Amino acid sequence: MDFELRRAREKLEKEQRERKQRAKLKLDKERKAKEEAKKQRDAIEAVQRSRRLDAMEAQLKAEQQMGENLLAGGGIAFYRMLEAVPFQGSGDKIKLPPSCFTELSDQGAFDKGPMYFQLSVIHQEGPSEIKDSEKGTVRTTHSGVLEFTADEGSVGLPPHVWSNLFPVDTPKTSLVEVRYVRLSKGTYAKLQPDGIGFSDLPNHKAILETSLRQHATLSQDDIFTVKYGELTYRLRVLELKPSSAISVLETDIEVDIVNPGVDSDGTNQYVLKPLVFGTSDSGLVEEGNYMFYKFSIDDKTWENIVSGDVNIEVKIDAETNGGDTDLYVSKHPLIFPNRHQHEWSSHDVGSKTLILSSKDRNLGAGTYSLAVYGFKGTTKYQVSVHVQENSMRAVGQQAVHLCSMDVDTVECRNCKHFIPTRSIALHEAYCSRHNVVCPHVGCGIVLRIEEAKNHGHCEKCGQALHLGEMEKHMKVFHEPLTCPCGVVLEKEDMVQHQASDCPLRLIPCRFCGDMVQAGSCAMDVRDRLRGLSEHESICGSRTAPCDSCGRSVMLKDMDIHQIAVHQKN
């Protein structure tokens, strides 16, 4: 009986322990579930709080950016991220999509004058918003607008803007931030050429002014490109006033051009080395290359040339060890004479001398360029320019006096010279043994018998030459040359063609002072009668105020206006 009661009590106690344990496990499970639920609620609240903070920060940034856009745009907020697409054009004016026209028009941007935009490269690796510490690495420039015809989502960039935004490599996807800004008119600009030679251009500031007419803005640290014929010069913008980005429309800007830096490329062959009368310079020229020099004829020297007292002697002493040179001379504004364009030339084999005298109609006071062209191989040379006294007048007077004394003369049957009668027999005996007359029609030159073997005439032009010079003569004067305009001519005709007929020839514009391509005939008949080229007809259509009355008159009509209205010549 006691045993059964004990077993029943133990069973009851075991059941009670199991119930207590199950109850405890249930309480622990419920507590853990409550703690997990609390953690989930806290995490959700943290995410929602973070999102609210991000939204508030984004709204704050958007408001700040809107305020900056309004401030920079003078009350107009315009901001787009567009894909950059290059197009061939001049200047710094970009192409925007038609939707930009609508957005800007709705805000009245067209009523505020010329429109300017700040363009910045968007980094593809990170967010579009760049921190202040990273702004130094962002390429930024400014531009005007050409038209609103670009595809939606893209912006057309001319070469000037493209090269300043992407100076090294073109990215696969080039996103550009376009922001409307207001720019103040510039008053000062300091530019530095990347290489030497730009200051040698005649009236280079006028050339720079002509290039600036195609631009609406300038930005500090940009590279500004100036073209002079086939040559291209790059100038870096070092400093601008009154700000780091300015407008260049309808404003007068003081421009300083500083010397190139020490790191500039010194290998540019289009550099004019100065030559002083009586001094020389030596150098080395390779085949197909040019070495350029410049010298000046002042008014006093020109007076002596006109009087016939002196001539200008240009001389090249060259080492004829397998190489040879050619000499070309031109007067500015043609500053780089070459095979096609020059006014004087010498093609003698080896050393050569070119005499410039008052008989040359293109000679005058001014600056001249001299080109040493590597015709064959690599040649070491020495070039010099001298003022040479002219003794031809005294020699000629003496010759006339002697001729008047010796009246009794007889013509030599061999050399055709007039010899005194008393010595004609002795002269003819000697002349027939040692001299021979060139049989070529129109030549008649008397040569020593040993020299006659090397004397010949060109089959095409008949010019008398040393046989050793025949090969060079044929290559220089009779080898066809192709003009950039497509005309194929020989050397003499090519020089004449490029001096007066070629539409691609460079001429100084009488209105802007720049060296420009002549182009075809002017469209206006009146301009053709005035002798204006195609460029001058367009360039002369610009207006300027008359100095006498202040009235705006086209530049090409200014002389007529002065005569007709103000009776001034």
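Predicted model only: the values in this text are computed from it and were never measured.
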Taking all non-hydrogen atoms of both residues into account, name the closest pair between Val271 and Phe336 and its distance. N-CE2, 4.2 Å
Does the Lys NZ or Arg CZ of Lys475 fall within the cation-pi geometry relative to Phe375 - under 6.0 Å from the ring centre and within 45° of the axis? yes
Between Lys472 and Asp326, does any side-chain N to carboxylate O distance fall below 4.0 Å? yes
Between Phe78 and Tyr180, ring centroids under 6.0 Å: no
Closest approach of Ser345 and Lys491, non-hydrogen atoms and distance? OG-NZ, 3.1 Å
So, Glu343 and Lys331, do they make that salt bridge, N to O below 4.0 Å? no
Please work out whether the ring planes of Phe166 and Trp162 are parallel, tilted or perpendicular, with thresholds of 30° and 60°. tilted
Partner of Ile94 under side-chain contact (heavy atoms from CB on, under 4.5 Å), picked from Leu119, Leu82, Leu146, is Leu119
Gln214, CD: over 12 other non-hydrogen atoms inside 6.0 angstrom: yes
Has the side chain of Gln192 got a donor or acceptor atom that lies under 3.5 Å from a matching backbone atom of Leu238? no
Smallest separation among heavy atoms of Lys185 and Leu249, with atom names: CE-O, 3.9 Å
Mutual orientation of the aromatic rings belonging to Tyr381 and Tyr293 [parallel < 30°, tilted 30-60°, perpendicular > 60°]: perpendicular
Kindly give the heavy-atom pair with the smallest separation between Cys485 and His497, and that separation in Å. SG-NE2, 3.3 Å
Sole residue of Asp559, Asp524, Asp557 in side-chain hydrogen bond (donor to acceptor under 3.5 Å, both in side chains) with Arg530: Asp557
Quick note, side chain to side chain donor-acceptor pair (under 3.5 Å) partners involving residues 236-252, not counting sequence neighbours, are Tyr116-Ser247
Once you measure the plane-to-plane angle for His347 and Phe477, does it fall in the parallel (<30°), tilted (30-60°) or perpendicular (>60°) bin? perpendicular
Which of parallel (below 30°), tilted (30 to 60°) and perpendicular (above 60°) describes Tyr290 and Tyr328? tilted
